[in-house]
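Have a look at the structure below before the remarks.
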Number of protein chains: 2
Amino acid sequence: MVKPMPSLSDEIEVFLKRMLEEAAGRVEIRRQRLAARFGCAPSQINYVLETRFTVDRGYSVESRRGGRGYIRIVKFSLSSPEWAMEYLGDRIGDLLTQPEAEAFIERLGEDGCLSPREVALMKAVVDREALALDLPYRDRLRAALLRRMVAAVLSCPPVDDRAEQ
Amino acid sequence: MVKPMPSLSDEIEVFLKRMLEEAAGRVEIRRQRLAARFGCAPSQINYVLETRFTVDRGYSVESRRGGRGYIRIVKFSLSSPEWAMEYLGDRIGDLLTQPEAEAFIERLGEDGCLSPREVALMKAVVDREALALDLPYRDRLRAALLRRMVAAVLSCPPVDDRAEQ
DNA sequence: AAATCAAAGGTCAGGGATGGTCAAACCGAT
DNA sequence: ATCGGTTTGACCATCCCTGACCTTTGATTT
């Protein structure tokens, strides 16, 4: 009762991410087999890939059709905020939408650059409700704020308690 | 002598707060189901949330639409100092200057509610350079952002999120 | 080779399931 | 009668999932 019932898409996402972890960030799947396993339409797999394994989130998806067909998912990690900053500078202009910003923040979190609380904090800032401005000013402000937040994280000593041991 | 008849909104408020108590300050509901239970329009639920489960009262609310949608209500950690709640309620008006915001953030940090990085993050957001707006919009935005940041952090898992391993 | 077939995966529009917004109606207390 | 807090309903936005139809690739047949 406390947890929301996960959607099928959520389950497939978790399944694939677990596979990725066990396979060092690189897996190949058969669309039909996976669909059969979850008892859904094959196109559902595409939906999951399109919404949860995007480039913004740090994944690359290639595929091949026909006999011997496959879908390959590769995860790219941002191993440090330094990298993240560079990536941010390159890939993001002066404008940034909320989904783009969230994807970026979540990615930093998944890659261990941010604690869950820091992720929550940054997502709160980037929310379109918080940034009560008309477009395109809102997207501009969001981009500026995200840059500053990443910079702040960069300049502050990592708070990784685990490293102390 | 006689208490005013409680409105439907009051009843829903009580109901939700009881749920929160039983669930350690974190519940997820279906808007339609709850509305059906009280025999009211679904939007009534939004009204209750907007008027009674606000940040300055110590709650944060997130939601998701579409299939398997939900509304999640989280009551701030009880460990957050009382003065902070008071601050959220009264002292932070609709307007907030940079020094005021920084003082608030630093004090939260000193009280152990925020890590040094979280302090740095929040200060970066609250900086007048980041909020490139004219007054009084800037002070208004700053107040809104601070509220949201505090809500995000205080409603996120216990302060030491790293102990999970 | 060329033609054909079979076996993947890709696309897209659409329907259903949620929740969100907002203005207007409603209602109770002054 | 007015004012502020309620309550509603019409309309909107988002997310999920499917099925019909399309494209590509490799193997088989001619």
Interatomic distance, B:Glu62 CD vs D:dT14 P [rounded to whole Å]: 18 Å
Length of the CZ-P vector between A:Arg72 and C:dG9, whole Å: 13 Å
In terms of ring plane angle, is the pair B:Phe15 and B:Phe38 parallel, tilted or perpendicular, where the classes change at 30° and 60°? perpendicular
Starting at atom CZ of B:Phe53, determine the distance to atom P of C:dG20, rounded to an integer number of angstrom. 14 Å
Every protein N/O lying under 3.5 Å from an N/O of nucleotides 21-26 of chain C:
unit_1: C:dT21; atom_1: OP1; unit_2: A:Glu129; atom_2: OE2; d: 3.1

Which residue, A:Gly67 or A:Gly39, contacts DNA chain D at a nucleotide closer to its 5' end, judged by nearest heavy atom? A:Gly39
Base, sugar-phosphate alone, or nothing: which one does B:Ile71 contact when heavy atoms must sit under 4.0 Å apart? sugar-phosphate
Listed partners of B:Arg128 passing side-chain contact (heavy atoms from CB on, under 4.5 Å), at least two apart: B:Gln98, B:Pro99, B:Arg138, B:Arg142
Closest approach of B:Pro136 to B:Leu95 (non-hydrogen atoms, all atoms of both residues): O-CD2, 3.8 Å
Which part of the nucleic acid, if any, lies within reach of A:Ile45 when heavy atoms closer than 4.0 Å are counted: base, sugar-phosphate only, or nothing? nothing
Interatomic spacing from CG in B:Leu20 to CG in B:Leu16 - rounded to 0.5 Å: 7.0 Å
With a cut-off of under 6.0 Å to the ring centre and 45° to the axis, is A:Arg31 in cation-pi contact with A:Tyr70? no
If each of B:Gln44 and B:Gly66 is mapped to the nucleotide of DNA chain D with the nearest heavy atom, which maps nearer the 5' terminus, i.e. the 5' end? B:Gln44
Where do B:Asp56 and B:Arg147 come nearest, in terms of heavy atoms and distance? CB-NE, 4.4 Å
Tell me: OH of B:Tyr70 to C1' of C:dA17, nearest whole Å? 15 Å
Could you state the atom-to-atom distance from CG of A:Leu49 to P of C:dA8 in whole Å? 18 Å
May I ask you to evaluate whether B:Arg64 reaches the phosphate of D:dC16, defined as a side-chain N or O under 4.0 Å from OP1 or OP2? yes
Length of the line joining B:Leu8:CG and D:dG5:P, which is rounded to integer Å: 17 Å
Is A:Lys75 positioned over the aromatic face of A:Phe53, cation under 6.0 angstrom from the ring centre and no more than 45 degrees off axis? no
Look at the side-chain N and O atoms of B:Gln32 and state whether any lies under 4.0 Å from the OP1 or OP2 oxygen of C:dT18. no
Across the strands shown, which category fits B:Arg52 at heavy-atom distances under 4.0 angstrom: base, sugar-phosphate, nothing? sugar-phosphate
Taking all non-hydrogen atoms of both residues into account, name the closest pair between A:Gln44 and A:Ser9 and its distance. NE2-OG, 2.8 Å
Counting just side-chain N and O atoms, does B:Tyr47 come under 4.0 Å of either OP1 or OP2 of D:dT6? yes
Please check the phosphate of C:dA8 (OP1 and OP2 only) for any side-chain N or O of A:Arg30 closer than 4.0 Å. yes
Measure from the side-chain heavy atoms of A:Asp10 and tell me the nearest of C:dT18, D:dT6, D:dC16. D:dC16
Strictly below 4.0 Å: does B:Ser9 bring a side-chain N or O up to OP1 or OP2 of D:dT7? yes
Starting at atom CZ of A:Arg68, determine the distance to atom C1' of C:dC5, rounded to an integer number of angstrom. 16 Å
Rounded to the nearest Å, what distance is computed from the CZ atom of residue A:Arg128 to the C1' atom of nucleotide C:dG19? 14 Å
Determine: side-chain N/O of B:Ser63 to OP1/OP2 of C:dG20, distance under 4.0 Å, yes or no. yes
